[in-house]
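What follows is a short report on a single structure.
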Amino acid sequence: MDNYMKLEIPGKSQNEAFARVTVAAFAAQADPTIDEISDVKTAVSEAVTNAIIHGYENGPGNICITASLTGRRLEITVVDYGVGIEDIEQARQPLFTSKPELERSGMGFTIMENFMDEFSVESKPGQGTTVRMVKIFDGPPERNKA
Amino acid sequence: MEAKLKMAGKTLVVRLEGELDHHVVDGLRSRIDEKITVGKAENVLFNFQAVDFMDSSGLGMVLGRYKAVKERGGQVLACSLRPAVYRVFELSGLFSRIPVYSSEQEALKHV
């Protein structure tokens, strides 16, 4: 049951919920558990929020989200064409934030890393950022539960 | 996101409903801060009973209120965490700063 989706949205905060719910609805066909789908929603929300706040600094710009399913393996990319990240290692540190004045918790990358099975970031200053994440649905399929 | 704010003695009770993300935290933050600065709320209790989603933006909002209230000598509490919110609390180490209770009633005994 291999499948694929692509979504392009402007970087507006009201699209955060739309993006995570869309990816979750797509992923539902692989019968994830409730916890697994919750992890995916949170990770997508973090990546999209980062693109809006950091990538585009709350200005205009589009975000491309792709998701592909190979069996019960879900791969997601979230791409922006914004300012990029100068120091990815620093950005990945728990509690690090470049925008403390906005009350950012600095936990976005840490959450993506912990909630997903694979996580990587590629970025070029001035060109944008690509986040790639994989979730393997290895819990018992919901529909087979008693 | 809906949020009902009410005072229980000197504690502001924030009953959250729905999804707590970046899109909704700004409006919520200013409503709560008004109760802290103008309304003289000493403590803040976040009731998460009706919250089915929270990401790091929600976390930032809760931590920000924790700092604001602590500076004034008060405390922030939370209650009724559902599994998705619990995991985000756990991962971020929030349990060491914010006491969590099973119900609003139980939490209010500790202020």
Side-chain angles (χ1 to χ4, degrees), chain A residues 9-21 23-24 32-58 63 91-116 139, chain B residues 1-3 14 16-34 36-37 44 46 48 50-71 76 78 81-98:
Chain A
I9 47 173
K12 293 176 184 290
S13 65
Q14 56 267 51
N15 283 332
E16 291 157 3
F18 174 67
R20 65 178 178 258
V21 169
V23 174
T33 64
I34 289 168
D35 286 347
E36 286 167 344
I37 210 72
S38 169
D39 289 351
V40 168
K41 278 174 77 175
T42 311
V44 170
S45 195
E46 298 298 348
V48 172
T49 303
N50 273 352
I52 293 170
I53 294 177
H54 299 286
Y56 293 121
E57 300 183 304
N58 288 310
I63 302 166
R92 288 180 70 153
Q93 293 303 309
L95 305 174
F96 172 81
T97 179
S98 58
K99 297 198 187 303
E101 74 283 5
L102 296 183
E103 281 191 355
R104 306 305 309 164
S105 63
M107 289 299 289
F109 279 150
T110 306
I111 286 175
M112 290 184 247
E113 203 162 3
N114 277 274
F115 283 19
M116 301 296 276
Chain B
M1 158 66 57
E2 295 262 323
V14 183
L16 304 159
E17 267 180 61
E19 308 209 323
L20 196 53
D21 68 3
H22 163 238
H23 182 59
V24 302
V25 294
D26 287 347
L28 189 57
R29 177 186 296 125
S30 50
R31 282 178 66 197
I32 296 171
D33 284 354
E34 194 194 342
I36 296 171
T37 54
V44 178
F46 288 100
F48 284 94
V51 177
D52 42 36
F53 178 87
M54 180 177 86
D55 63 14
S56 71
S57 302
L59 208 56
M61 191 277 292
V62 172
L63 270 172
R65 307 291 74 62
Y66 166 81
K67 285 176 190 156
V69 164
K70 201 179 160 213
E71 268 176 21
V76 166
L81 269 53
R82 291 161 67 177
V85 174
Y86 186 96
R87 285 200 62 198
V88 175
F89 259 67
E90 191 176 36
L91 180 61
S92 57
L94 224 56
F95 289 130
S96 64
R97 301 189 198 179
I98 297 175

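Reminder, nothing fancy here: chain letters follow the sequence lines and each chain counts from 1.
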### Task
Measure the spacing between CG of B/D55 and CG of A/N50 and express it to the nearest 0.5 Å.
9.5 Å

### Query
Any sub-3.5 Å donor-acceptor pair from B/S56's side-chain atoms to A/M107's backbone N or O?
no

### Task
Rounded to the nearest 0.5 Å, what's the gap from CD on A/E46 to OG on B/S57? Could you check?
6.5 Å

### Task
Using heavy atoms and a sub-4.5 Å threshold, report which of residues 22-34 of chain B line up against chain A, by residue number.
B/H22, B/H23, B/R29

### When A/T110, A/V48, A/I53 are compared by non-hydrogen pairs under 4.5 Å with chain B, the top option
A/I53

### Message
Counting only heavy atoms from other residues, nucleotides and ligands, does the tally under 6.0 Å from CZ of B/F95 exceed 12?
### Response
yes

### Message
Using a 4.5 angstrom heavy-atom cutoff, name the option from A/D39, A/L95, A/I52, A/N15 with the most pairs to chain B.
### Response
A/D39

### Message
Around atom NZ of A/K99, are there more than 12 heavy atoms from other residues, nucleotides or ligands closer than 6.0 Å?
### Response
yes

#### Entry: Other residues, nucleotides, ligands: >12 heavy atoms within 6.0 Å of A/E101 CD
yes

#### Entry: Between CG on residue B/D21 and CD on residue A/Q14, distance to nearest 0.5 Å
10.5 Å

### Heavy-atom contact with chain B under 4.5 Å, split by part of A/T42
both

### Message
Suppose a student defines contact as a heavy atom less than 4.5 Å from any heavy atom of chain A. Which residues in residues 83-92 of chain B would they list?
### Response
B/A84, B/R87, B/V88, B/L91, B/S92

### Task
Grab the two heavy atoms, one from A/E103 and one from B/M61, that are nearest each other, plus how far apart they are.
OE1-CA, 4.0 Å

